[in-house]
*Asks:* 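Attaching a single structure in structure tokens format; questions to follow.
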Amino acid sequence: MSERSNLFAEAELFIKQCYAELNLTEEAVALRLKEIAEQIETGGTYSHTYDELRHGARMAWRNNNRCIGRLPWDSLHVVDKRDASSEEEIAAALLEHLDYATNRGRIRPTITILRPEQGEWPGARVWNEQLIRYAGYTREDGSRIGDPASLEFTRICEQLGWQGDGTDFDVLPLVIQLDGRAPKWFEVPRERVLEVDIRHSEIAGFNELGLKWYAVPAVSNMRLEIGGIRYSGAPFNGWYMGTEIGARNLADEGRYNLLPVVADLMGIDRSRRSTLWQDRALVELNVAVLESYRAAGVSMVDHHTAAAQFESFEKREREAGRDVTGNWAWLIPPMAPATTHVFHKRYDNTIVKPNFFYGKKPYA
Ligand code: HEM
Ligand SMILES: N/C(=N/c1cccc(CO[C@@H]2CCNC2)c1)c1cccs1
């Protein structure tokens, strides 16, 4: 199949499903497909209407097998920034996205869609993995500062001229690349980054650890594909599930590695694995995360509630006559997975489009 006929085939599949879900008529489908065929014929591609873009982005969320948070898929706020034509304009749009999504803690799931790829033209890319992330450094003596997951990207930012303060919680700059040109970096003003101090009311010494995390998880390194159009710049945010922070970001040995620290504060014997000191520290760290976000009025879901909501999503999809696809290994939470219904059932991991995909890293 030629690239153009393949593109039309993808477009046809999308338009038929999208228009059916929006209760549009067969005539509307036929008319739109004729228009798209002409656009592809003359220009090699086609462009989505706003309604197609909005519903396509919502379908992509609904289709992602790894996401446990899909119940509110139909309320995703979609911002069309396909006409942003400079790195500065895109940086401003991303900061606007953060402000709108943050909403003083009552987080609003949002996606900002930038110019798509067009044939060989790469479109707009955000080099960050997430709009907000902490920098990572290694000192000369090999000891670590900040988030080790950010070591490579922090070095890229420094090569581009950015300079961090060298703390455990430096917010990385936005790095934006347009049409394959050299990337440009932009500082994220700290006043636009809502953060939560992580505190525990009962463990002496815990609050003095000075732990915190940011409110809004916004993934910026995935490609949104709708009807054959590849939006390689389409940052999207939701709210956190507590375990992402408490059981991974702050807990993993290769991240902030805090389980030994918390266990020691709790006075738990760490000389034997069988004291389950890691498990006991894990629970208290996750309680601290959930309680801190709740006290701060910042949206967050615990993994039990998230699983229950996912079960509602499965039920609603069945009632809508759609099959739910899922990736079991990703859908089970990293803490107490067997306490959720997800653990005890199987999921069909078929990839359905529209969807989100990982592209190759724009650097490396
Ligand atoms: C509203 C609250 C949301 C919650 C609590 C949530 C929860 C999660 C969690 C826990 C993961 C696994 C992440 C990991 O283990 O690293 C995930 C994956 C994912 N979510 Fe959601 N999500 C939410 C909203 C969204 C939205 C708004 C989108 C897109 C519009 C989205 C798209 C995805 C995608 C594409 C993945 C897979 C990422 C990958 O492959 O690395 N989610 N979600
Ligand atoms: N809560 C979230 N968690 C994530 C969702 C998708 C991806 C990620 C980060 O994924 C990294 C790559 C694989 N694990 C860490 C985190 C959301 C981010 C954006 C919308 S909801």
Side-chain angles (χ1 to χ4, degrees), residues 53-79 94 97-98 100-103 105-113 126 128-134 147-150 152-153 213-226 231-252 254-255 286 289-290 293 298-310 312-313 325-335 337 340 342 347 349 351-359 361:
L53 194 67
R54 181 174 58 180
H55 197 67
R58 292 173 173 177
M59 290 168 79
W61 179 12
R62 188 185 76 205
N63 287 334
N64 195 271
N65 292 351
R66 292 176 167 182
C67 183
I68 192 171
R70 290 180 265 175
L71 182 59
W73 68 271
D74 202 10
S75 62
L76 176 68
H77 179 67
V78 180
V79 179
L94 299 183
H97 176 133
L98 279 179
Y100 180 82
T102 304
N103 188 30
R106 293 184 58 78
I107 293 173
R108 296 181 280 207
T110 305
I111 185 169
T112 295
I113 300 177
V126 179
N128 308 58
E129 285 191 14
Q130 295 184 35
L131 296 184
I132 300 168
R133 256 208 137 173
Y134 297 126
D147 191 345
S150 298
E152 182 188 19
F153 183 63
W213 203 259
Y214 49 91
V216 182
V219 167
S220 47
N221 64 346
M222 295 191 84
R223 184 183 70 253
L224 165 61
E225 259 187 52
I226 303 173
Y231 297 94
S232 35
F236 60 86
N237 78 280
W239 50 78
Y240 267 116
M241 180 162 80
T243 49
E244 297 181 79
I245 301 168
R248 303 304 311 278
N249 301 347
L250 295 179
D252 283 3
R255 299 293 296 280
N286 279 271
V289 167
L290 287 165
Y293 273 66
V298 175
S299 306
M300 172 172 276
V301 66
D302 67 83
H303 47 297
H304 303 289
T305 304
Q309 291 168 342
F310 185 67
S312 304
F313 169 72
T325 56
N327 179 330
W328 184 89
W330 277 70
L331 289 171
I332 56 169
M335 257 184 88
T340 71
V342 178
Y347 289 88
N349 196 21
I351 309 298
V352 177
K353 291 189 214 178
N355 213 317
F356 292 95
F357 300 94
Y358 275 112
K361 275 188 183 175

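Order of appearance sets the numbers: ligands from 1, and atoms from 1 within every ligand.
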*Asks:* Around atom 13 (C) of ligand 2, find the nearest protein heavy atom and jot down its residue, atom name and distance.
*Replies:*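 For atom 13 (C) of ligand 2, the nearest protein heavy atom comes out as W330 CH2, 3.4 Å.
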
*Asks:* For Y134, what residues pass the ring-ring contact (aromatic ring centres under 6.0 Å, His included) criterion, not counting sequence neighbours?
*Replies:*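 With sequence neighbours excluded, Y134 shows a ring-ring contact (aromatic ring centres under 6.0 Å, His included) to F169, W213, Y214, given in chain and number order.
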
*Asks:* Applying ring-ring contact (aromatic ring centres under 6.0 Å, His included), can you list everything that pairs with F357, at least two apart in sequence or on another chain?
*Replies:*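 Result, ring-ring contact (aromatic ring centres under 6.0 Å, His included) vs F357: none returned.
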
*Asks:* Under 30°, 30 to 60°, or over 60°: which ring-plane class applies to F310 and Y347, parallel, tilted or perpendicular?
*Replies:*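 Tilted: the ring planes of F310 and Y347 meet at 30° to 60°.
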
*Asks:* Give the numbers and elements of all ligand 2 atoms closer than 4.0 Å to a heavy atom of W239.
*Replies:*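 Going through ligand 2 atom by atom, the ones under 4.0 Å from W239 are 1 (N).
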
*Asks:* Protein heavy atoms: any of them under 4.0 Å from atom 15 (C) of ligand 2?
*Replies:*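 Looking at atom 15 (C) of ligand 2, one finds that no protein heavy atom lies closer than 4.0 Å.
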
*Asks:* So which protein heavy atom does atom 18 (C) of ligand 2 come closest to, and at what separation?
*Replies:*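 Checking every protein heavy atom, the shortest distance to atom 18 (C) of ligand 2 gives P217 O, 3.6 Å.
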
*Asks:* Atom CZ of R70 and atom CG of N64: how far apart are they, to the nearest 0.5 Å?
*Replies:*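 Atom-to-atom, R70:CZ and N64:CG are 6.5 Å apart.
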
*Asks:* Does atom CZ of R255 have more than 12 heavy-atom neighbours, drawn from other residues, nucleotides or ligands, at distances under 6.0 Å?
*Replies:*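 Correct, the count exceeds 12.
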
*Asks:* Check ligand 1 for close polar pairs with the protein: N or O on both sides, less than 3.5 Å.
*Replies:*
| from | atom 1 | to | atom 2 | distance (Å) |
| --- | --- | --- | --- | --- |
| ligand 1 | 40 (O) | R66 | NH1 | 2.8 |
| ligand 1 | 41 (O) | Y358 | OH | 2.6 |
| ligand 1 | 42 (N) | W61 | NE1 | 3.3 |

*Asks:* What's the shortest distance from atom 6 (C) of ligand 2 to any protein heavy atom, and which residue and atom give it?
*Replies:*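 Answer, as residue, atom name and distance: V219 CG2, 3.7 Å.
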
*Asks:* Going by side-chain hydrogen bond (donor to acceptor under 3.5 Å, both in side chains), name the residues that satisfy it together with N286, two or more places apart in sequence or in a different chain.
*Replies:*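 Once residues adjacent in sequence are excluded, N286 has no partner under the side-chain hydrogen bond (donor to acceptor under 3.5 Å, both in side chains) criterion.
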
*Asks:* Have T243 and H303 got a donor and an acceptor in their side chains that come within less than 3.5 Å?
*Replies:*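 Their side chains do not contain a donor-acceptor pair, so the 3.5 Å distance test is not met.
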
*Asks:* With a 4.0 Å cut-off on heavy atoms, is W61 in contact with ligand 2?
*Replies:*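 Judged by the 4.0 Å heavy-atom criterion, W61 does not count as contacting ligand 2.
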
*Asks:* Side chains of N65 and N349: any donor to acceptor distance under 3.5 Å?
*Replies:*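 Short answer, yes.
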
*Asks:* With T110 as reference, evaluate V216, N103, V79, T102 under the side chain to side chain contact (heavy atoms under 4.5 Å, CB included) test and give the passing residue.
*Replies:*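 Answer after filtering V216, N103, V79, T102: V79.
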
*Asks:* Please identify which atoms of ligand 2 are closer than 4.0 Å to at least one heavy atom of Y358.
*Replies:*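 Near Y358, meaning under 4.0 Å from one of its heavy atoms, ligand 2 has 12 (C).
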
*Asks:* Would you mind listing which atoms of ligand 2 come within a distance below 4.0 Å of any non-hydrogen atom of G238?
*Replies:*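 Result: 19 (C), 20 (C), 21 (S).
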
*Asks:* Considering Q130, E244, M241 one by one, which has a heavy atom nearer to atom 1 (N) of ligand 2 than any of the others?
*Replies:*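 Looking at heavy atoms only, the winner is E244.
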
*Asks:* Can F356 be said to touch ligand 2, with heavy atoms closer than 4.0 Å?
*Replies:*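 It does not, in that no heavy atom of F356 comes within the 4.0 Å cut-off of ligand 2.
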
*Asks:* Looking at CG of L331 and CZ of R66, how far apart are the two atoms once the value is rounded to the nearest 0.5 Å?
*Replies:*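 Rounded to the nearest 0.5 Å, the CG-CZ separation comes to 10.5 Å.
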
*Asks:* Under 3.5 Å, is there a donor-acceptor pair between the side chain of R133 and the main chain of N128?
*Replies:*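 Answer holds: no.
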
